[in-house]
Amino acid sequence: MTTDSSPCSPQPGTVWFVGAGPGAPDLITVRGSRLLAEADAILYTGSLVAETVLQWALPDCEIADSKSMDHEQVVAWLIERARRHRTVVRLQTGDPTLYGVLAELAQPLDAAGIPIGIVPGVSSAMASAAAAGECLTLPEVTQTVIFTRLADRTQMPERESLVELARHGCTLCIFLSIDRIEGVVEQLLAAGWSTAAPVTVVYKATWPDERILRAPLSDIAALCRASGIERQAMILVGPALGARRWGELRPSKLYDHSFPRRFRPARDGVNR
Ligand code: SAH
């Protein structure tokens, strides 16, 4: 599309940070796909975003892969295109607010007076839970989910070490750590988790080569190594995993007739 901003108008275009979703092209949002179809220029992360997502782009849209660019080059590319075009898209894997560099890219764009917009995406955490058929929360079992990772070159704040977070005993979605699965296991054990605690690892959720591994905490590292899974995988742990296979579940209070909700009085007519 050649909707270049008019040379008379100093008004720059908008840079949209769009979540591409976890991999399957039809898991981008309607808003995200609409922006791709309107975009004059798209910069995507080649290593992570399935190129099929680009099926939405117009034939004359300028498309570039940022995998060989450094941070300054990415910033310069976006600023330069926003000065010439109305709609520029930075396409990112999953949801753009998680484990990306959104703030680092937004700062120089803000400084250059270029408006930005953010379109959420289906995070790989949600896609992994869905692929594995798991619930991350379960009434009276766990009502809290922590998204976290192990430290590497990216240092973690001390209060967020995995061992500290794991002491809560709630669901953990562990990103960016499958290559150090032994370290994950060690920290969960140190936090008091049992060797029998169920762990689910989802490799490339929603991709054609998706794989799901399930094992107790004591065996999961060996299983991942034996399966050659060392990247692009989500580690899910938590007390609700496997609940579909449990004998009896307490019904959620949401569907309990004695539990009134805002638009549905309790059967005894009392709204407590
Ligand atoms: N913003 C992304 C996360 C990027 S960090 C999101 O919201 O999903 C990259 C990490 O995300 C990977 O190391 C892996 O832990 C996880 N990941 C990304 N895509 C995945 C997928 N399709 N299946 C499983 N995990 C995935």
Side-chain angles (χ1 to χ4, degrees), residues 16-29 31-32 42-54 65-67 71 74 89-106 116-134 136 145-156 160 162 165-166 171-185 187-188 199-215 220-221 223-225 227-238 241:
W16 292 93
F17 292 87
V18 174
D26 59 348
L27 278 175
I28 192 168
T29 63
R31 184 178 298 183
I42 300 172
L43 185 62
Y44 71 103
T45 44
S47 52
L48 294 170
V49 174
E51 290 192 31
T52 39
V53 169
L54 298 171
D65 181 347
S66 62
K67 77 167 176 285
H71 180 72
V74 169
V89 170
R90 168 66 173 157
L91 190 62
Q92 306 201 183
T93 176
D95 181 88
T97 67
L98 286 171
Y99 304 109
V101 289
L102 183 52
E104 293 92 322
L105 289 176
I116 69 162
I118 303 170
V119 180
V122 175
S123 173
S124 56
M126 312 335 290
S128 296
E134 298 287 1
L136 301 180
V145 182
I146 294 177
F147 287 0
T148 191
R149 56 168 301 169
L150 282 187
D152 59 359
R153 280 173 305 170
T154 309
Q155 289 302 307
M156 298 282 289
E160 292 184 17
L162 186 56
L165 298 176
T171 300
L172 300 169
C173 299
I174 307 173
F175 291 71
L176 292 158
S177 307
I178 191 68
D179 57 328
R180 282 149 305 141
I181 181 84
E182 292 82 3
V184 170
V185 171
Q187 297 207 34
L188 293 176
V199 184
T200 300
V201 167
V202 183
Y203 169 71
K204 293 184 83 174
T206 81
W207 291 64
D209 49 345
E210 169 189 291
R211 290 174 68 190
I212 298 166
L213 306 181
R214 289 188 174 87
I220 192 70
L223 181 61
C224 288
R225 293 292 176 203
S227 311
I229 291 178
E230 292 180 343
R231 57 187 193 91
Q232 273 183 280
M234 180 65 53
I235 306 167
L236 301 174
V237 286
L241 289 193

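In listed order, ligands and their atoms are each counted from 1.
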Relative to the heavy atoms of L98, which atoms of ligand 1 are at a distance of less than 4.0 Å? 1 (N), 2 (C), 3 (C), 7 (O)
Examine the proximity of ligand 1 to T206 and report which part, side chain or backbone, both or neither, has a heavy atom under 4.0 Å away. neither
Could you list which atoms of ligand 1 come closer than 4.0 Å to a heavy atom of A205? 21 (C), 22 (N), 23 (N), 24 (C)
Within 4.0 Å of some non-hydrogen atom of W207, the atoms of ligand 1 are 22 (N)
Is a side-chain N or O of R211 found less than 3.5 angstrom from the main chain of I229, in a donor-acceptor match? no
Would I174 count as a polar contact of ligand 1, with the cut-off being nitrogen or oxygen pairs under 3.5 Å? no
For R31 and V119, the nearest pair of non-hydrogen atoms, with its separation, is CD-CG2, 4.0 Å
Crowding at CZ, R225 (>12 non-hydrogen neighbours, <6.0 Å): yes
Roughly how far, to the nearest 0.5 Å, is the OG1 atom of T206 from the CE atom of M126? 13.5 Å
Exercise: identify the closest heavy-atom pair between R214 and L223: O-CD2, 3.8 Å
Counting only heavy atoms closer than 4.0 Å, does ligand 1 sit against the backbone of Q232, its side chain, both, or neither? backbone
Quick one: does A233 get within less than 4.0 Å of ligand 1, heavy atoms only? yes
Y203 versus ligand 1: do any nitrogen or oxygen atoms come within less than 3.5 Å of each other? no
With no hydrogens and no angle check, is any side-chain donor or acceptor of W16 less than 3.5 Å from a backbone partner on L91? no
When rounded to the nearest 0.5 Å, the distance separating CZ of R90 from OG1 of T45 is 5.5 Å
Spatial distance of atom OG1 (T97) from atom CD1 (I118) [nearest 0.5 Å]: 7.5 Å
Could you tell me if any non-hydrogen atom of G100 lies under 4.0 Å from any atom of ligand 1? no
Can you check whether I174's main-chain N or O pairs, donor with acceptor, with T148's side chain at less than 3.5 Å? no
Quick one: does S124's side chain have a donor or acceptor within less than 3.5 Å of a partner on G94's backbone? no
Based purely on interatomic distance, does S124 place a nitrogen or oxygen under 3.5 Å from a nitrogen or oxygen of ligand 1? yes
Which ligand 1 atoms, with their elements, are less than 4.0 angstrom from a heavy-atom of S123? 6 (C), 7 (O), 8 (O)
N or O contact, L176 vs ligand 1, cut-off under 3.5 Å: yes
Nearest heavy atom to atom 7 (O) of ligand 1 wins, so pick from D95, D179, I178. D95
Give the atoms of ligand 1, by number and element, whose distance to some non-hydrogen atom of V202 is under 4.0 Å. 24 (C)
Got an N/O contact under 3.5 Å between A125 and ligand 1? no
Y99 heavy atoms within 4.0 Å reach ligand 1 at atoms 5 (S)
Provide the number and element of each atom of ligand 1 under 4.0 Å from a heavy atom of S128. 24 (C)
What do the steps show when you test M234 against F175 for side-chain contact (heavy atoms from CB on, under 4.5 Å), and what is the final call? CA-CA 6 Å; M234 180 65 53; F175 291 71; 3.6 Å; yes
